[in-house]
Amino acid sequence: MQKLSYRLIILLVFFIPFFALAQTNNINISLEEALLKAEENNKEIQKSKARVDIAKANYQQSHSLFLPGINLSHTAVRTNDPLASFGFKLKQEVVTTADFNPVLLNDPGSMENFQTQIKVEQPLLNFDGIHERKAAKFGYEAVSLQSARTSEFIKFEVKKAYKQLQLAQEAVNVFEEVKASTEANLKQSLDFFEEDLIKEVDVLAAKVRALEVENQLNQTKNQRQGAADYLAFLLGLDSSNDLIASDPFQEPLMGSSVDDEKANEDRSDILAYKKGVSAKEQMLKSARNKFLPRINAFGAYEWNDKEFLGTSANNYMIGASLSWDLFKGYKNIGNIKKAKAELQLQKLDFDDYLDQNNLKVKEAKRSLVLTIQIIETGRLAKEQSGEALRIRTNRFKQGLEKMTDLIQSETLYATKNLEYLNAINNYYSAKFYLEFLLEKELK
């Protein structure tokens, strides 16, 4: 019997330093601070912002529909081609009467030309490009709204993770309280055994119970550490830091009602879907307008010389072009049919998304109401089990209660405490989820 007590002491001595080491670099953090850090450091939020930058850059590329394209070039050529040689002489403005000699025309020898040119192209009327630009704008706005929705989702995840950490901390406190009770009961049973008031089997049961509680406490501490690590991941913090939720884990006020809350169709992701539909509509218009002609203006100014970067001779050219694709082998007609189908699919996806959202909101409301009822029941069960444990503990100290009955009361007390804490956590999870669906805070 003494050997078993020594083993219990050795186990306690071994595990306590282990968990003490795990609590290094503690950081107390409130929910408000956690939300701010997530907004600054969370990788998903940063990636969503990068996608917004990409969409914005794609939209900025469409400015070329209205702005001119300007190109500056310098070309050096050496040739003995008769036609090119005579043309370069004309460009350099060095043609003489002797150059019309048939011998020189047929065999002009090598000639060099250095040409500096600035060229401007200005789109004037591109009907299909106008709608493509509008589609790109809607796409950029949709990605921006989706980025806002990503931030809302991470906010929801942080709230849940923070409450999970609070729950784990409270669970550790419950088992530490139960541990203190089991150790006191074990000491009391040893005293009773020495006085021959109880049997050895009762002492062994008390020792087993103490070891079980110790294991449960260690497991709960491990779960608390896992919750802290996940919260640190969401906040973009080093996992070596052990986060501790500083806000109190309290039962919520139950005076609020969610019956009047309606599905929010102005939510950022729903608005993003609407922008996606608008983008598809513009792409259909663009496909149809590919049958219309395009008008573009162009101009060029150049300098030609036999010396590098010379400017002895210059000329210019300006003009406009009209191009009209009358038939492209059924390609344009196929693009119109494809754009119609994509638009129809986008509209169906949007309607389906709205229906699913409404179902989720209704289910979330029911879940929230149910968690409120469970909290009420859990509080009463917790109070009843606590009172029962107190009575049986007092009766055990007086030798009027069996050890097995006391252990059952301890187990029931721990179970009901955890169920009550879980009920509170489930309430907050349901509340945060409904807030996420409505994209507004509930009172």
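The line from OH of Tyr316 to CH2 of Trp303 is 14.0 Å long, rounded to the nearest 0.5 Å. Here the CD atom belonging to Gln46 is positioned 11.5 Å from the CZ atom belonging to Arg51, to the nearest 0.5 angstrom. Interatomic distance, Leu421 CG to Asn173 CG, rounded to the nearest 0.5 Å: 9.0 Å. Going from atom CZ of Phe153 over to atom CG of Asp269 covers 12.0 Å, rounded to the nearest 0.5 Å.
Looking at Ser144, its side chain does come within 3.5 Å of a backbone N or O of Tyr140 through a donor-acceptor pair. Asn42 places a side-chain N or O within donor-acceptor distance of the main-chain N or O of Ile45, the cut-off being under 3.5 Å. Within the 3.5 Å criterion, the main-chain N or O of Asn422 finds a donor-acceptor partner in the side chain of Asn426. Between the Glu33 side chain and the Ser30 main chain, a donor and an acceptor come within less than 3.5 Å of each other. Side-chain N or O atoms of Arg267 include one that pairs as donor or acceptor with a backbone N or O of Leu437 at under 3.5 Å. Using a distance-only test at 3.5 Å, with no hydrogens or angles considered, no donor-acceptor pair links the side chain of Tyr59 to the main chain of Ala135. Although no hydrogens or angles enter the test, the distance criterion places no donor-acceptor pair under 3.5 Å between the side chain of Asn222 and the main chain of Asn218. Between the side chain of Gln169 and the backbone N or O of Ala245, at least one donor-acceptor pair lies under 3.5 Å. In terms of modelled atom types and a separation under 3.5 Å, the side chain of Ser278 and the main chain of Lys274 share a donor-acceptor contact. With hydrogens and angles disregarded, no donor-acceptor distance shorter than 3.5 Å links the side chain of Ser385 to the backbone of Lys416.
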Residue pair Tyr330, Lys337: steps toward the side chain to side chain contact (heavy atoms under 4.5 Å, CB included) verdict:
CA-CA 11 Å; Tyr330 211 74; Lys337 292 184 175 181; 3.2 Å; yes

Please report the C-alpha distance between Glu157 and Lys160 in whole Å, then the side-chain angles of each, then the deciding distance to 0.1 Å, and finally whether the salt bridge (charged side-chain N to carboxylate O under 4.0 Å, His left out) criterion is met.
CA-CA 5 Å; Glu157 284 291 311; Lys160 275 203 316 179; 3.6 Å; yes

Checking side-chain hydrogen bond (donor to acceptor under 3.5 Å, both in side chains) for the pair Glu132/Ser286: CA distance, chi angles, key distance, verdict?
CA-CA 6 Å; Glu132 288 179 1; Ser286 174; 3.3 Å; yes

Could you walk me through whether Arg379 and Gln384 pass the side chain to side chain contact (heavy atoms under 4.5 Å, CB included) test, one step at a time?
CA-CA 9 Å; Arg379 187 195 317 109; Gln384 189 276 333; over 6 Å; no

List the steps, then state whether side chain to side chain contact (heavy atoms under 4.5 Å, CB included) holds for Leu234 with Tyr230.
CA-CA 6 Å; Leu234 291 175; Tyr230 180 61; 3.6 Å; yes

Working note: Lys440 + Glu435, criterion salt bridge (charged side-chain N to carboxylate O under 4.0 Å, His left out); need CA distance, chi angles, decisive distance, verdict.
CA-CA 5 Å; Lys440 58 184 286 189; Glu435 289 177 340; over 6 Å; no

Please determine whether side chain to side chain contact (heavy atoms under 4.5 Å, CB included) holds for the pair Tyr162 and Ile29, giving the CA-CA distance in whole Å, both sets of side-chain angles, and the decisive distance to 0.1 Å.
CA-CA 9 Å; Tyr162 191 88; Ile29 190 168; 4.2 Å; yes

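Counting only heavy atoms from C-beta outward, the side chains of Ile336 and Lys340 approach each other to under 4.5 Å. At least one side-chain heavy atom of Glu152 sits less than 4.5 Å from a side-chain heavy atom of Glu439. Glu410 has its side chain within reach of Arg209: a pair of non-hydrogen atoms, C-beta onward, lies under 4.5 Å apart. A 4.5 Å side-chain heavy-atom check between Leu309 and Phe114 finds every atom pair outside the cut-off. Side-chain contact between Lys290 and Phe127 is absent, with no heavy-atom pair separated by less than 4.5 Å. At a threshold of 4.5 Å between non-hydrogen side-chain atoms, the residues Thr79 and Ser85 count as touching. Side chains of Asn215 and Phe175 form no contact here, defined as non-hydrogen atoms less than 4.5 Å apart. Residues Gln115 and Val77 fail the side-chain proximity criterion, which asks for heavy atoms closer than 4.5 Å.
Lys91 and Ala313 get closest at one heavy-atom pair: O-CB, 3.0 Å. A pairwise comparison of heavy atoms in Ala232 and Asp238 identifies CB-O, 4.4 Å as the closest pair. The minimum heavy-atom distance between Pro68 and Gln122, with the atom names listed, is CB-OE1, 3.2 Å. For the pair Pro108 and Leu105, the tightest heavy-atom approach, listed with the atom from each and the gap, is CD-O, 4.0 Å. Pairing each heavy atom of Ala171 with each of Leu418, the nearest pair is CB-CD2, 3.8 Å. Shown here for Tyr433 and Ala364, the closest heavy-atom pair between the two residues is CD2-CB, 4.0 Å.
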Side chains of residues 292-301: which donor-acceptor partners sit under 3.5 Å, not counting sequence neighbours?
residue: Arg294; atom: NH2; partner: Asp128; partner atom: OD2; Å: 2.5
residue: Tyr301; atom: OH; partner: Asn314; partner atom: OD1; Å: 3.0

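More than 12 non-hydrogen atoms from other residues, nucleotides or ligands lie less than 6.0 angstrom from CG of Leu67. Sparse packing is recorded around CD1 of Ile318, with 12 or fewer heavy atoms of other residues, nucleotides or ligands lying under 6.0 Å away. At most 12 heavy atoms of other shown residues, nucleotides or ligands fall within 6.0 angstrom of atom CD in Glu32. Heavy atoms from other residues, nucleotides or ligands lying under 6.0 Å from CD of Glu363 number 12 at most. Heavy-atom neighbours of Lys159 NZ from other residues, nucleotides or ligands within 6.0 Å: above the threshold of 12.
With no hydrogens or angles considered, a side-chain donor-acceptor pair links Asp305 and Ser312 at under 3.5 Å. Counted by atom type alone, Asn315 and Glu302 present one or more donor-acceptor pairs between their side chains at under 3.5 Å. Using modelled atom types and a 3.5 Å distance limit, the side chains of Ser48 and Ser147 yield a donor-acceptor pair. Of the N and O atoms on the side chains of Lys163 and Gln166, at least one donor lies less than 3.5 Å from an acceptor on the other residue. Donor-acceptor pairing under 3.5 Å is recorded for the side chains of Gln92 and Asn113. A side-chain donor from one of His63 and Arg133 sits under 3.5 Å from a side-chain acceptor of the other.
A centroid separation of less than 6.0 Å is found between the aromatic rings of Phe86 and Phe100.
Aromatic ring pairs are classed by plane angle as parallel below 30°, tilted from 30° to 60° and perpendicular above 60°; the pair Tyr273 and Tyr353 is tilted.
Look at Arg224 and Asp242 and you find a salt bridge, because one of the NZ, NE, NH1 or NH2 atoms lies within 4.0 Å of a carboxylate O, short of that distance. Using a cut-off of 4.0 Å between Lys/Arg side-chain N and Asp/Glu carboxylate O, Glu281 and Lys134 are scored as not salt-bridged. Using a cut-off of 4.0 Å between Lys/Arg side-chain N and Asp/Glu carboxylate O, Glu112 and Arg78 are scored as salt-bridged.
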